[in-house]
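If you're wondering where the values come from, they're calculated on a predicted model, not measured in any experiment. Along the sequence shown, the residues carry numbers beginning at 1. Counting starts at 1 for both ligands and their atoms, in listed order.
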Amino acid sequence: MTLRKTRYALAGCAMAGIFALAGMAGASDIGQTVKQACSRCHSPKRVCLTVGVKNDAAWKATVARMVQKGAQLPADRIDAASAYLAGLAPGTGTVCE
Ligand code: HEC
């Protein structure tokens, strides 16, 4: 009985761990993409300065404008990139590393 419960708990932990890892991989993936695409013309510091200032809509407008200028970001990643940037606390994220 006790053993069964332990096994169940362990399986639960493993599942939670896998989901946590998958979530983190997704976030760092878009973080790296943003850093790469957004540090070609200006320093990522320029982006970092605005982290925590712009909201999601403002980031979407900025990212779309940068893509128009030639940022190497696929159109279907604009939303993910904007959401990533909008969700960062000031001074954090790959662009501030
Ligand atoms: C093709 C060159 C180029 C690339 C790539 C680029 N930018 Fe820019 N960025 C500029 C130029 C030029 C300016 C200054 C003129 C302006 O603001 O439009 C600028 C200014 C900015 C500013 C300050 C002005 C503002 O609106 O707050 C931010 C923030 C910014 N870029 C974010 C980004 C992000 C995020 C990316 C990646 C998606 C990116 N940039 C990629 C050329 C680029």
Next item on the list: May I ask you to list the atoms of ligand 1 that are less than 4.0 angstrom from any heavy atom of Thr50?
Entry: 29 (C)

Item checked: Minimum-distance protein heavy atom relative to atom 25 (C) of ligand 1 -> Lys54 NZ, 3.5 Å

Note to self: I need the minimum non-hydrogen distance between Ala58 and Lys54, along with the two atoms involved.
What the structure shows: CB-CB, 3.7 Å

Margin query: Could you go through Gln36 and Gln72, starting from their C-alpha distance and side-chain angles, then the distance that decides it, and tell me whether this counts as side-chain contact (heavy atoms from CB on, under 4.5 Å)?
Written below: CA-CA 8 Å; Gln36 235 168 25; Gln72 303 283 306; over 6 Å; no

Item checked: Residue-atom pairs from the protein, N, O or S only, that lie under 2.8 Å from atom 8 (Fe) of ligand 1 -> His42 NE2, Met66 SD

Check: Does the pair Tyr84 and Thr33 meet the rule for a side-chain contact (heavy atoms from CB on, under 4.5 Å), with working shown?
Finding: CA-CA 11 Å; Tyr84 167 75; Thr33 304; over 6 Å; no

Check: Of all the atoms in ligand 1, which lie at a distance below 4.0 Å from a heavy atom belonging to Ala37?
Finding: 5 (C), 41 (C)

Notebook entry, point to check: Can you hop from Val47 to Ile78 via hydrophobic side chains spaced under 4.5 Å?
Noted result: yes

Note to self: Same cluster or not: Met66 versus Trp59, using hydrophobic residues (I, L, V, M, F, W, Y) connected whenever any side-chain heavy atoms lie under 4.5 Å apart?
What the structure shows: no

Next item on the list: From the options Val95, Val51, Thr94, select the one residue that forms a side-chain contact (heavy atoms from CB on, under 4.5 Å) with Pro44.
Entry: Val95

Item checked: Least distance between heavy atoms, Pro90 atom then Gly52 atom -> CG-CA, 4.0 Å

